[in-house]
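Only one structure is covered here, and it is reproduced in the block below.
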Amino acid sequence: MSLHGDYDPQNIFAQIIRGEAPCYKLYEDDDVLAFLDLFPQALGHTLVIPKRAAARNILEIDAQALAKVMAATQLLARVLVDELQPDGVQVAQFNGGPAGQTVFHLHMHVIPRFAGQGLGIHAANKADPAELEALQARLVKRLAG
Ligand code: 5GP
């Protein structure tokens, strides 16, 4: 998929926003949704997406909506660090297929990084549902605390 094109309302993240597809939700407000990546590249790999903006990438979202996504990204980074105690935390965002984008609804990756552990392969290995569920419970509890 190219950097330019029409927004596809049937993309998987749009389906998740509409409640048509499931997710391991961590956080939601009027503008932003955050949930666990189904194919995590490290423990706690989280995605943060705008709910109202039909934006495929960073070029298409208005600055106000992007600011809300970034504020939630910071919140999730803090929660992940508090709960999982990683040695680092990576925030990433890709625009266009050649840049690594595979889902064409703007999203931020928040990936805890642990010393001595390389980054897993992108969008390759589906996590164990029971592990995602347990992690979701821990992070939701930490967010509420
Ligand atoms: P991108 O490659 O577009 O930057 O990232 C898309 C991310 O979405 C990947 O990390 C991939 O693992 C994740 N992903 C793909 N399909 C699903 C899904 O159905 N649910 C969730 N939670 N994550 C998904």
Side-chain angles (χ1 to χ4, degrees), residues 1-63 65-84 86-114 117-144:
M1 292 278 270
S2 104
L3 193 54
H4 307 289
D6 294 330
Y7 181 85
D8 174 9
Q10 292 309 321
N11 77 75
I12 185 62
F13 293 172
Q15 292 181 44
I16 287 172
I17 291 167
R18 292 195 298 267
E20 296 167 6
C23 74
Y24 295 89
K25 182 162 65 178
L26 301 180
Y27 172 82
E28 183 170 24
D29 63 28
D30 286 347
D31 301 295
V32 178
L33 178 65
F35 50 94
L36 292 172
D37 197 297
L38 219 46
F39 306 84
Q41 291 179 262
L43 178 73
H45 185 166
T46 293
L47 300 169
V48 183
I49 68 174
K51 281 169 60 179
R52 297 168 183 268
R56 300 163 81 242
N57 56 51
I58 202 164
L59 305 176
E60 297 178 357
I61 190 167
D62 70 75
L66 180 61
K68 289 174 178 166
V69 171
M70 291 311 298
T73 297
Q74 183 190 46
L75 172 69
L76 269 297
R78 285 176 168 159
V79 166
L80 287 162
V81 167
D82 284 350
E83 180 62 29
L84 302 179
D87 304 295
V89 62
Q90 180 174 338
V91 174
Q93 190 271 322
F94 309 126
N95 303 283
Q101 187 173 14
T102 58
V103 177
F104 292 84
H105 178 106
L106 172 78
H107 51 280
M108 305 298 300
H109 295 262
V110 188
I111 310 179
R113 298 299 303 272
F114 300 88
Q117 290 183 20
L119 196 61
I121 301 169
H122 185 63
N125 300 308
K126 199 167 185 179
D128 176 354
E131 283 177 20
L132 289 179
E133 210 172 305
L135 190 54
Q136 177 194 29
R138 281 175 69 186
L139 293 166
V140 166
K141 189 173 172 195
R142 174 71 66 164
L143 255 165

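Both counts, for ligands and for their atoms, begin at 1 and track the order of listing.
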If you have a sec, work out which protein heavy atom is nearest [atom] and how many Å separate them, to one decimal?
{"atom": "atom 16 (N) of ligand 1", "value": "Phe39 CE1, 3.9 Å"}
{"atom": "atom 8 (O) of ligand 1", "value": "Phe13 CZ, 3.4 Å"}
{"atom": "atom 10 (O) of ligand 1", "value": "Asp37 OD2, 2.5 Å"}
{"atom": "atom 2 (O) of ligand 1", "value": "His122 NE2, 2.5 Å"}
{"atom": "atom 22 (N) of ligand 1", "value": "Leu36 O, 2.9 Å"}
{"atom": "atom 19 (O) of ligand 1", "value": "Ile12 CG1, 3.3 Å"}

Next on the checklist: Is there a polar contact, in the sense of an N or O pair closer than 3.5 Å, between Val103 and ligand 1?
Outcome noted: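 Such a contact does occur with ligand 1.
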
Item to check | Gln41 N/O to ligand 1 N/O under 3.5 Å | outcome: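 Gln41 vs ligand 1: no N/O contact under 3.5 Å.
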
Between ligand 1 and [X], can you find any atom pair, the residue atom being a heavy atom, that is separated by under 4.0 Å?
{"X": "His109", "result": "yes"}
{"X": "Phe104", "result": "no"}
{"X": "Gly100", "result": "yes"}

State whether the side chain of [X] and the backbone N or O of [Y] hold a donor-acceptor pair below 3.5 Å, judged by distance alone.
{"X": "Thr46", "Y": "Gly44", "answer": "yes"}
{"X": "Arg113", "Y": "Pro86", "answer": "no"}
{"X": "Gln101", "Y": "Gly96", "answer": "yes"}
{"X": "His105", "Y": "Asn11", "answer": "no"}
{"X": "Arg18", "Y": "Pro9", "answer": "yes"}
{"X": "Arg56", "Y": "Leu3", "answer": "yes"}
{"X": "Gln41", "Y": "Gly120", "answer": "yes"}
{"X": "Glu28", "Y": "Ala34", "answer": "no"}

Per-atom contacts of ligand 1 with [X], taking only distances under 4.0 Å to non-hydrogen atoms:
{"X": "Phe35", "result": "22 (N)"}
{"X": "Ala123", "result": "9 (C), 11 (C), 12 (O)"}
{"X": "Thr102", "result": "1 (P), 2 (O), 3 (O), 5 (O), 6 (C)"}

Checklist entry - Which of these passes side-chain contact (heavy atoms from CB on, under 4.5 Å) with Leu26: Leu75, Val48, Leu76, Leu33? => result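 One option only clears the test, and that one is Leu76.
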
Item to check | Proximity of Leu38 to ligand 1 by residue part, where a heavy atom lies under 4.0 Å | outcome: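 For Leu38, backbone and side-chain atoms both sit under 4.0 Å from ligand 1.
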
Next on the checklist: Can you tell me which portion of Leu47 lies within the under-4.0 Å heavy-atom range of ligand 1? Options are side chain, backbone, both, or neither.
Outcome noted: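 Just the side chain.
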
Item to check | With His45, the ring-ring contact (aromatic ring centres under 6.0 Å, His included) member among His109, His107, His122 | outcome: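 The residue from His109, His107, His122 that satisfies ring-ring contact (aromatic ring centres under 6.0 Å, His included) with His45 turns out to be His109.
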
Item to check | Residue selection (non-hydrogen contact nearest atom 6 (C) of ligand 1) among Gln93, Lys126, His107 | outcome: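 Looking at heavy atoms only, the winner is His107.
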
Next on the checklist: With rounding to the nearest 0.5 angstrom, report the CG to CZ distance, Asp82 to Arg138.
Outcome noted: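 Spacing of CG (Asp82) from CZ (Arg138) equals 12.0 Å.
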
